[in-house]
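Per chain, numbering begins at 1; letters A, B, ... match sequence-line order.
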Protein chains: 2
Amino acid sequence: MSPSTKTRATMHDVAREANVSIASVSRFINGQTVREDIEPRITKAISALNFKPNSAGRALRASRTQQICLSVPDISNPVYQTITKGVQNILNKTDYRLMLAPRNLSVEENLALIDSLDSNYADGFIFLSLVDDPRIRKAFSKLRIPAVVIGNVQVHDEVDTIKVSAGAVELALTYLVDKYGGEVLFLNGPTSTIPGRNREKGFLEAMKNRGIDGTKHMVEAESFDVEAGLVALSKVKNISKYRSIICANDLLAAAALRSLSTLKIDVPNQIAVIGIDNTDLANVLSPSLTSIDYKSEYRGELAAQFILDRLDNPKTLYRKVNIAPELVERESA
Amino acid sequence: MSPSTKTRATMHDVAREANVSIASVSRFINGQTVREDIEPRITKAISALNFKPNSAGRALRASRTQQICLSVPDISNPVYQTITKGVQNILNKTDYRLMLAPRNLSVEENLALIDSLDSNYADGFIFLSLVDDPRIRKAFSKLRIPAVVIGNVQVHDEVDTIKVSAGAVELALTYLVDKYGGEVLFLNGPTSTIPGRNREKGFLEAMKNRGIDGTKHMVEAESFDVEAGLVALSKVKNISKYRSIICANDLLAAAALRSLSTLKIDVPNQIAVIGIDNTDLANVLSPSLTSIDYKSEYRGELAAQFILDRLDNPKTLYRKVNIAPELVERESA
DNA sequence: CTTCCTGCTGTAAACGTTTACAGTAAGTTA
DNA sequence: TAACTTACTGTAAACGTTTACAGCAGGAAG
């Protein structure tokens, strides 16, 4: 009685059992109306034989897989988990399944991923990339299935996109300067990534508007995680001269809180800290983390909805959404 | 030049272009040796036509989808994210793809999930469930594809399983009592779940061995998350009489740290806290969290490896692995 | 030289669906 | 009643692969 010995009922079996053509079975399954006397025979046969339509047969014939592929650069990062959750929220209400693509941190991983989609294992693609590259752009433009882009990676225009507006750092800076005054340190992630670059730009501009050269008030972590944040902060000399720290994401903010706690510097009374992403982490840290919200779960939901809408109706206009940053105040600032 | 107008090259096209039979193309693609003069013609045709084999055709004919389905009760919980990461670590080295199943918190969701696998969209199933039920057990036993179970849900024996040994709470208790003495509170998750039940049992037994009735030193949160933990703890009267708190997972421990911080109770000097799961969270909290490690990422890797091994060779003996708890000491205890 | 391998080839038949098409019965209209 | 419409039916042909099978060339063995 091992799994492999059991054999599945097919539509043919159902048709024979119900004494009906296979086409009628197919039509019934796909929600078309069938003759009154036929319907009960089919339902009976289906449950008697425990029939379930075979995905591969269906996919081959209809060239629809009922699968959506989601690319997640790094599943360890809470912000991607939140986005994934948003995508699931929507997909779970439909009969689409969610494929989690392999890690796509590097350009090569991105290219391999986009390339693989040519194998037709997904009907739609939700693309998230930390890196930008002409090769990615080119490969992406050759994609044969509709895609939604979450984030600010640059691709061709015939695609629904959900970007985040640039103002996060500016927002944080204004808030911190207004509230506390003093000097502000920006703990950034790698500027080789899109958010790293954009946030750096945001910081420098915001500082420039205040007549300050921001370059002397920045430190760059090697990646967007806690360890890299700790390393980066340990290189900052005389950290206590700062009145506040803006961190490029919540994990770096967690690193900041940790560093400051080790140094016995009180947050927010001596130094205030603001993160970006407003992930679940923010509520868990102590002090709880003031963070800029980019509505990650909502972005995931939006992306899923966009891809479903487009699959439903390929001709709808491409939608370009910008999510505005919103400061969520907690204890750390 | 919209995606839908482009048409894909098939194996027939490649065969024609290479002036070779379709069977030879298929064989070449699947790694069989072909005649010397044929191989370059095929490779050339493939790249000229940019041919990629169609997953559906392949799946239908070979009845292999190259997909593994992973069920994750609740993707918000860091421990499942870590397990997912482990699974990915292994799958990404192969040409199997990862399907993330919809949430399966309730019995009904589990039944629907298991049932859906009959549609043959996955070659293997990695099953994780928080709940236990005869119906689940029965449905699971009818599964037509090999499965690996992570966790202590009870199913039939013809399955590879990766359980966690029961000793976590006992381990934490011994450590806390030895180190700090005094009374210990157990902050549990819902006892309607398998881990909740098991951890309660572990606590009560461990207490009994010390001649204490544990039932008076337990509090049950409604779910395994921070909010529920806060609510549960707020109901504990005179919390400061305890010398330490064992929490059934890291999220509940985060809640405990938060509560205690609000109450200005110092951790670990007044009350020590231990979590279970040793997720990324442990290093991020302050004070950093002492936690019982059940090697989540490794469990994910093991599960993926088990399923791959079994797909490779269905006759291997079913493996039953027990992961022993290990206390990872940090600041909170 | 024949016989037997060995190692490759191409032909053709699946795999389980969906769907274009033609057919038919019943209802509607004139 | 005949002619048309409506609403369903069944037949059969795809969809793009893999693979059983038979065929064939060339080398080894006798």
Side-chain angles (χ1 to χ4, degrees), chain A residues 4 6-42 45-46 49-67 95 116-123 144-145, chain B residues 4 6-42 45-46 49-67 95 116-123 144-145:
Chain A
S4 49
K6 303 176 198 167
T7 176
R8 306 262 18 229
T10 75
M11 235 169 205
H12 281 100
D13 302 326
V14 175
R16 197 182 322 114
E17 174 88 7
N19 198 21
V20 123
S21 83
I22 184 177
S24 287
V25 179
S26 172
R27 282 189 284 253
F28 172 73
I29 295 215
N30 289 296
Q32 299 184 37
T33 50
V34 292
R35 210 199 296 143
E36 276 187 333
D37 58 321
I38 281 187
E39 171 164 342
R41 301 216 304 271
I42 296 185
I46 287 181
L49 299 174
N50 190 25
F51 168 76
K52 299 274 177 359
N54 176 297
S55 306
R58 179 172 265 189
L60 176 58
R61 174 58 224 232
S63 44
R64 268 183 295 107
T65 60
Q66 299 292 75
Q67 299 187 156
D95 53 355
S116 78
L117 286 166
D118 264 351
S119 280
N120 280 7
Y121 58 78
D123 299 336
R144 299 181 132 88
I145 55 172
Chain B
S4 48
K6 303 176 198 167
T7 176
R8 307 261 18 232
T10 75
M11 235 171 205
H12 282 100
D13 302 327
V14 175
R16 196 181 324 113
E17 174 88 7
N19 198 21
V20 123
S21 83
I22 184 177
S24 286
V25 179
S26 172
R27 282 190 285 253
F28 171 74
I29 294 214
N30 289 296
Q32 298 182 38
T33 50
V34 293
R35 211 200 296 141
E36 276 187 332
D37 59 319
I38 281 186
E39 170 162 345
R41 301 216 303 271
I42 297 185
I46 287 181
L49 299 174
N50 190 26
F51 168 75
K52 299 274 177 2
N54 176 296
S55 305
R58 179 172 265 188
L60 176 57
R61 175 56 225 231
S63 44
R64 268 182 295 105
T65 60
Q66 300 291 74
Q67 299 187 155
D95 53 355
S116 79
L117 287 165
D118 264 351
S119 281
N120 281 6
Y121 59 79
D123 299 336
R144 299 181 132 89
I145 55 172

Integer-rounded Å distance: [N] [atom2] and [X] [atom1]:
X        : N      : atom1 : atom2 : value
B/Tyr121 : C/dG16 : OH    : P     : 19 Å
B/His12  : C/dA13 : NE2   : P     : 13 Å
A/Gln32  : C/dT18 : CD    : C1'   : 10 Å
B/Glu36  : D/dG26 : CD    : P     : 14 Å
A/Arg64  : D/dG16 : CZ    : C1'   : 17 Å
A/Phe28  : D/dG10 : CZ    : P     : 14 Å
A/Met11  : D/dC15 : CE    : P     : 19 Å
A/Asp37  : C/dA25 : CG    : P     : 14 Å

So if I take every side-chain heavy atom of [X] and compare against [options], which nucleotide ends up nearest?
X       : options                : value
B/Arg58 : C/dT18, D/dT18, C/dC21 : D/dT18
A/Arg35 : D/dG10, D/dT9, D/dT19  : D/dT9
B/Phe51 : D/dT17, C/dT17, C/dA20 : D/dT17
B/Leu60 : C/dT19, C/dC15, D/dT17 : C/dC15

Query raised in the report: Looking for any heavy atom pair under 4.0 Å, which part of the strands does B/Ile22 touch: base, sugar-phosphate only, or nothing?
Result: base
Query raised in the report: So what does A/Thr33 hit on the nucleic acid, given a heavy-atom distance under 4.0 Å: a base, only sugar-phosphate, or nothing?
Result: sugar-phosphate
Query - DNA chain C: 5'-proximal contact among A/Gly57 and B/Val34 (nearest heavy atom) - result: B/Val34
Query raised in the report: Do you know which of B/Asp37, B/Val34, B/Val14, B/Ile38 makes side-chain contact (heavy atoms from CB on, under 4.5 Å) with B/Val20?
Result: B/Ile38
Requested in this report: Test B/Ser119 against every option in A/Arg8, A/Gln66, A/Lys52 by the side-chain contact (heavy atoms from CB on, under 4.5 Å) rule and name the one that passes.
Outcome: A/Lys52
Determine: side-chain N/O of [X] to OP1/OP2 of [N], distance under 4.0 Å, yes or no.
X       : N      : result
A/Asn54 : C/dC15 : no
B/Ser24 : C/dC8  : no
A/Ser26 : C/dT18 : yes
A/Ser21 : D/dT11 : no

Query raised in the report: Are any non-hydrogen side-chain atoms of A/Arg27 and A/Ile42 less than 4.5 angstrom apart?
Result: no
Query raised in the report: Is there a side-chain contact between B/Ile29 and B/Phe51, using heavy atoms and a 4.5 Å cut-off?
Result: yes
Query raised in the report: Less than 3.5 Å between a donor and an acceptor, one on the side chain of A/Arg61 and one on the base of C/dT18, is that the case here?
Result: yes
Report task. Kindly give the heavy-atom pair with the smallest separation between A/Ala18 and A/Arg41, and that separation in Å. Result -> O-NE, 2.8 Å
